[in-house]
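First up is the structure itself, then whatever we jot down about it.
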Amino acid sequence: MTAPAGPRTRTTQVVPASRFHLARTLQSGQCFRWTVAAAVASGGTAHTVARGVVNGTVARVAQRGGRLIVTWEGPPGDAARLRRHLGADQPLEAIEGELARDPVLRRVLAQTSGIAIMRQDPWECLVSYVISAFNNIPKICRSVEALARRFGEPIYARGARETASVQAGRPAGAHRGAAVPVGWSFPSPERLAQASEAALRACILGYRAPYVRVLARHVADGDVDLGAVPRLDFDDARAALLALPGVGEKVVECVLLFGFGRREAFPVDVWVQRAVERWYLGGRARTPRAIREWARERWGPLAGYAQQHLFAGVRTQDRLDGTS
DNA sequence: ACCCAGGTGAGGG
DNA sequence: CCCTCACCTGGG
């Protein structure tokens, strides 16, 4: 089934860190530009095939036999960079060993082991999570995809050439024989800053359209330098991002965690709040802020990982219990 | 026809 | 500070 590796092969292999689980990572709700499909190998054992737009190209990734088999649909990318993007470089065995000292997490980990915290592009992550407010995951994915399709750069299959008509603006379309993009990169702050509010609303953003527009303008103008955030300490980074429109207490933690790799971040959404109240606080209600502080005190630099497992765990449980 | 969905920001106590 | 409420829009 594996295509022979020719001299110009577009397939490569990546060895993930021990315990890394591709499907669980991509389906744990942290990213919006990956789709996962189950596939069946010739031997009959199920494995995962995923497709995502990353770093200006499109990657198809299958996890089999402890390896990640990467096929570039767009221009060949950097395998090490993809590995880092997926979080497949993180010491999950040590992290989960530490978390499993907590009896609640030990039980949850049976269902969630192998989830890595990804290292997504900070700008794309920021916009995605601003869109996530009072929204649902399928619609967030559609919005991000629409933004990329409308304002991003087309990505062509390896070997395909851009035509003059494509460079001029919208792709001319297949009926004229122009190359069809395999995907679109996420648009830059400059590009989104100049988009009209109506055009943004057309991307299913609803009332979030002005947030995205003003957010893009602030970043494009350098009011907040995303490139400098990694050098700030946690509280300063948090304060800098919180100043942006549409970025509140929950979104800022998501961006720090999934975009900047700050694993002490602990986003408290309705699901995590439910999990903590149900499993740790005897059902007593607490404010999101109180839960966040409690979690950081309890798990410190692994708070973000604890959050990810609690989120996946409580959603799995409610899915199994729920009638719908 | 309603009701809900991974919050945020504005306004008043 | 804490609390309350409206909010685009698509899918149950």
Side-chain angles (χ1 to χ4, degrees), chain A residues 24-34 108 112 115 117-118 120 124-147 149-150 192 195-219 224 238-259 265-279 284-295 303-319 321-324:
Chain A
R24 286 180 181 175
T25 295
L26 295 178
Q27 292 177 321
S28 64
Q30 58 182 308
C31 60
F32 305 100
R33 295 209 80 192
W34 283 87
V108 168
T112 65
I115 294 178
I117 289 177
M118 297 169 68
Q120 301 176 239
E124 178 175 339
C125 197
L126 180 58
V127 176
S128 299
Y129 278 96
V130 166
I131 293 171
S132 80
F134 194 48
N135 210 338
N136 55 65
I137 293 176
K139 196 147 80 82
I140 299 163
C141 294
R142 293 181 54 198
S143 286
V144 175
E145 182 63 26
L147 284 175
R149 199 178 177 104
R150 190 172 181 90
L192 284 187
S196 72
E197 189 178 320
L200 291 173
R201 279 182 180 269
C203 297
I204 334 178
L205 296 189
Y207 66 89
R208 306 169 192 85
Y211 288 160
V212 169
R213 197 171 133 85
V214 178
L215 171 68
R217 182 158 300 159
H218 280 306
V219 174
V224 171
R238 199 168 183 284
L241 295 172
L242 269 175
L244 292 165
V247 179
E249 297 278 339
K250 189 266 182 180
V251 167
V252 74
E253 302 276 324
C254 288
V255 176
L256 287 168
L257 184 58
F258 305 126
F266 192 88
V268 180
D269 57 48
V270 292
W271 295 97
V272 169
Q273 179 163 14
R274 195 173 303 171
V276 170
E277 289 172 351
R278 179 185 299 174
W279 293 335
R284 288 187 302 278
R286 290 286 187 283
T287 65
R289 164 182 275 265
I291 289 175
R292 195 189 78 224
E293 288 167 354
W294 172 88
Y305 265 97
Q307 180 271 354
Q308 204 60 10
H309 289 290
L310 290 172
F311 178 81
V314 74
R315 282 179 68 109
T316 300
Q317 188 187 66
D318 282 13
R319 205 162 31 239
D321 292 352
T323 50
S324 54

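First the proteins, then the strands, lettered A, B, ... as listed; each starts at 1. Predicted model only: the values in this text are computed from it and were never measured.
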Mind running side-chain hydrogen bond (donor to acceptor under 3.5 Å, both in side chains) on A/Gln317 and A/Arg278 for me, showing each step along the way? CA-CA 12 Å; A/Gln317 188 187 66; A/Arg278 179 185 299 174; 2.6 Å; yes
Would you classify A/Val130 as touching base, sugar-phosphate or nothing, given that sugar-phosphate means primed atoms plus P, OP1 and OP2, and contacts are heavy atoms under 4.0 Å? nothing
How long is the gap from CZ on A/Arg213 to CZ on A/Arg201, to the nearest 0.5 Å? 11.5 Å
Looking at side-chain heavy atoms only, is the closest gap between A/Val268 and A/Val276 below 4.5 Å? no
What integer number of Å spans the P atoms of B/dA10 and C/dC8? 14 Å
P gap between C/dC3 and B/dG6, integer Å: 23 Å
Is A/Arg142 touching bases, backbone alone, or none of the nucleic acid, heavy atoms closer than 4.0 Å? sugar-phosphate
Contact pattern, 5' to 3', of nucleotides 1-7 of chain B - B, S or - by protein heavy atom under 4.0 Å: ----BBB
Across every strand shown, the nucleotide meeting Watson-Crick or G-U wobble geometry with C/dG10 (both distances under 3.5 Å) is B/dC4
What's A/Pro138 touching, base or sugar-phosphate or nothing? Going by heavy atoms closer than 4.0 Å. nothing
Rounded to whole angstrom units, what separation is found between the CG atom of A/Leu242 and the P atom of B/dT8? 9 Å
To the nearest Å, give me how far apart CD1 (A/Ile204) and C1' (C/dT9) are. 8 Å
Rounded off to whole Å, could you give me the CZ-to-C1' distance for the A/Arg208 and C/dA6 pair? 13 Å
Whole angstroms only, please: what is the CD1-P distance between A/Ile131 and C/dT9? 14 Å
From A/Val255, A/Val219, A/Leu147, residue fulfilling side chain to side chain contact (heavy atoms under 4.5 Å, CB included) relative to A/Val127: A/Leu147
Do A/Ile291 and A/Arg286 make a side-chain contact, defined as non-hydrogen atoms from C-beta onward lying under 4.5 Å apart? yes
Verdict with reasoning, A/Glu145 to A/Phe32, per side chain to side chain contact (heavy atoms under 4.5 Å, CB included): CA-CA 8 Å; A/Glu145 182 63 26; A/Phe32 305 100; over 6 Å; no
